[in-house]
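The shown structure was predicted, so the numbers you read here are calculated from the model rather than taken from an experiment.
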Amino acid sequence: DIFTNNNCNNNNQNAISRFMHQTEQQKQLSQQNNEYQTIEQQQQLQQLQQQQQLQRLNEVEEFFSQQLQNDSIDSFESVEQFTKFYETVQQNAPPETNFQNFEIDFGFNSTSSQSYLFSSNNYFLNANSNFETALNLYQQGNLYDATLAFEAHIQQLQQNLNSSPAELSDAWRWLGTTHAENDEDKKAIICFENAVKFDSNNLEALLDLGVSFTNEFVNFKALNSLKSWLEQHPEFRLIPADVEREIGNDPTLNNQHLKTIEMFNRALKISPNDIELHIVLGVLNNITKNYQLAEEYFRNAIKLDPQNHSVWNKIGATQANGTKVDGSKNAVYAYRKAIELKPNYVRAWVNMGVSYLNQGLNDLAAKYYLKALSLNPKAEHLWYYLRVAFLAMKREDLLELLKEQNVNAFRKYFK
């Protein structure tokens, strides 16, 4: 798990406002002049406007990139304003403009807007009781087959007209959980959002969605999901409105991060032994880079559930992301605890590899990445991690083998 912080400042809003104002001015000027221009002049003017439009797009993108680097995008209002800005850009930019990287960077075309791609040649499709089979496989740590069984179960539910929304929601949530443990948050997000679509009261899905959005650095969506979790919770549903009403104008709580933390702190006063509240507060404090406090919340969660492999992993990630010099070294213990509790927990194997790489133990990092790939060969991003380890080892011979994407090809090099 990797958490980050995103806020927003006035530079972004000024840049966007300036863009919107200039775009509107250009539209008006263009409409006034069109009837007095030749076709050639109109084409030249249109080309110039498009160039200016893209230049301003680059200016605003640069502002947002700087804010991402400086840890500062946060407000929901800014996101809504940016969405409006982005729609205007799409309408006015040349047809051949490629927005893909821009969309990915800022979470607009995130995985949540895509359809889930089911596996082909799924050998569970013709089987019965796939949900029970999938749960057993998940408990055994066989996440690869569990994924296929959950997928088959969902496809069978979709074909059955008598399937209830609650059944579909629960199935999507379990599939999302399996992907999250396989270190595939993009797929998990699609699943969790489908779970919420079928049942907006699916508290587990809302909570897991917030964590997965955090792992993918889409923090404004993470905060929105976590706030929705409170609003749907029968015990805490009044807290968000109370906080907005009472401290909406408090300058010390003037951004969504701090408001959301305040909401969960109030919930914790009502239910101090609720493990989920401690976990969420740990996640929220990771977003604001208050790593020491985040670790305290996760350790409180471990006291409530010492066998929770996911929380042990979060403790390790928090230590690794913190400012202490030996953070990555300390994180190894927590990751080992997570793996001890769930040996096939891909995410912990990956994070262990990252910690070793940060310590300069590149050979060990490569071994842990290969172990993770043996558990989940479909995790494309892990091949990139492995490449980084090989580059650090200066093993050009192993870089060539990466093209095969075959874990077995590396066995003789790593025993």
Side-chain angles (χ1 to χ4, degrees), residues 1-3 119 121 123 137-148 177-188 215-216 307-322 324-415:
D1 294 353
I2 300 175
F3 306 108
S119 303
N121 303 319
Y123 38 80
L137 289 166
Y138 175 85
Q139 295 299 333
Q140 294 166 18
N142 186 347
L143 298 181
Y144 182 82
D145 279 340
T147 300
L148 294 176
T177 299
T178 308
H179 280 305
E181 297 219 346
N182 252 334
D183 203 44
E184 295 181 305
D185 280 297
K186 288 183 172 64
K187 292 179 180 178
N215 291 338
E216 289 297 303
Q307 305 302 307
N308 192 313
H309 63 281
S310 178
V311 176
W312 276 112
N313 179 67
K314 286 178 172 63
I315 289 174
T318 303
Q319 291 174 325
N321 289 337
K324 293 182 181 178
V325 176
D326 54 354
S328 289
K329 187 176 181 180
N330 292 338
V332 168
Y333 173 79
Y335 293 144
R336 280 182 178 158
K337 285 290 293 184
I339 292 170
E340 179 185 314
L341 291 165
K342 190 161 189 175
N344 288 358
Y345 186 17
V346 174
R347 172 153 280 165
W349 286 100
V350 174
N351 283 343
M352 185 85 93
V354 172
S355 283
Y356 280 131
L357 194 71
N358 288 339
Q359 296 175 64
L361 302 172
N362 306 317
D363 185 75
L364 273 174
K367 287 182 179 179
Y368 277 90
Y369 292 151
L370 285 166
K371 174 62 177 179
L373 279 164
S374 71
L375 295 170
N376 183 17
K378 289 187 175 181
E380 292 289 334
H381 62 292
L382 297 186
W383 291 105
Y384 171 75
Y385 290 179
L386 190 58
R387 179 180 179 81
V388 173
F390 289 163
L391 286 169
M393 294 166 64
K394 298 181 180 179
R395 292 293 303 269
E396 293 184 9
D397 56 324
L398 298 181
L399 290 173
E400 283 298 313
L401 284 177
L402 282 174
K403 296 175 183 177
E404 300 178 22
Q405 293 200 353
N406 179 5
V407 173
N408 292 326
F410 298 96
R411 292 198 183 279
K412 65 179 180 180
Y413 301 99
F414 299 93
K415 297 181 181 179

Check whether W349 reaches the backbone of L370 with its side chain - one donor and one acceptor, N or O, closer than 3.5 Å. no
Would a 4.5 Å heavy-atom cut-off, applied to side chains only, mark R387 and L399 as touching? yes
L382 side chain reached by L386 side chain, heavy atoms, under 4.5 Å: no
Is it the case that K314 and S310 place a side-chain donor and acceptor less than 3.5 Å from each other? yes
Between S355 and M352 (side chain of the first, backbone of the second, donor and acceptor by atom type, cut-off under 3.5 Å), is there such a pair? no
Hey, what do you get for NZ (K403) to CH2 (W383), rounding to the nearest 0.5 Å? 14.0 Å
Going through the distances and angles, do D183 and N376 end up as a side chain to side chain donor-acceptor pair (under 3.5 Å)? CA-CA 9 Å; D183 203 44; N376 183 17; over 6 Å; no
So, for Y335 and A320, which heavy atoms are closest and what is the spacing to 0.1 Å? OH-CB, 4.1 Å
Looking at every heavy atom in both E184 and A379, which two are closest together, and how far apart are they? OE2-CA, 3.9 Å
Taking atom CG of L398 and atom NZ of K394, what is their separation to the nearest 0.5 Å? 14.5 Å
Take Y368 and V350 through the side-chain contact (heavy atoms from CB on, under 4.5 Å) test and state the conclusion after the steps. CA-CA 6 Å; Y368 277 90; V350 174; over 6 Å; no
Step by step, work out the side-chain contact (heavy atoms from CB on, under 4.5 Å) result for N215 and R347. CA-CA 12 Å; N215 291 338; R347 172 153 280 165; 3.4 Å; yes
L401 side chain reached by Y413 side chain, heavy atoms, under 4.5 Å: yes
If we only count heavy atoms from C-beta on, is the K186 to H179 side-chain gap below 4.5 Å? no
Measure the acute angle between the ring planes of H309 and Y345, then classify it against the limits of 30° and 60° as parallel, tilted or perpendicular. perpendicular
If you count the non-hydrogen atoms of other residues, nucleotides and ligands that lie under 6.0 Å from OH in Y333, is the total more than 12? no
Distance (rounded to the nearest 0.5 Å) between L361 CG and K329 NZ: 9.5 Å
Please state whether the rings of F410 and F414 are parallel, tilted or perpendicular, taking 30° and 60° as the class boundaries. tilted
How many angstroms lie between atom CG of N313 and atom CD of E181, to the nearest 0.5 angstrom? 9.0 Å
About how many Å separate OG1 of T318 and CG of N330, when rounded to the nearest 0.5 Å? 12.5 Å
Side-chain touch V332/Q359, heavy atoms, less than 4.5 angstrom: yes
Looking only at non-hydrogen atoms, find the nearest pair between I339 and A348 and report the distance. CG1-CB, 3.7 Å
Answer whether the closest heavy-atom distance between the side chains of L357 and Y385 falls below 4.5 Å. no
Examine the side chains of D145 and Y123 and answer whether a donor and an acceptor come within less than 3.5 Å of each other. yes
K342 charged N/C atom sitting above Y138 aromatic ring, 6.0 Å / 45°: yes
Report yes if the side chains of N362 and F390 come closer than 4.5 Å at any heavy-atom pair, otherwise no. no
If you measure from CG on L148 to OH on Y144, what distance do you get to the nearest 0.5 Å? 5.5 Å
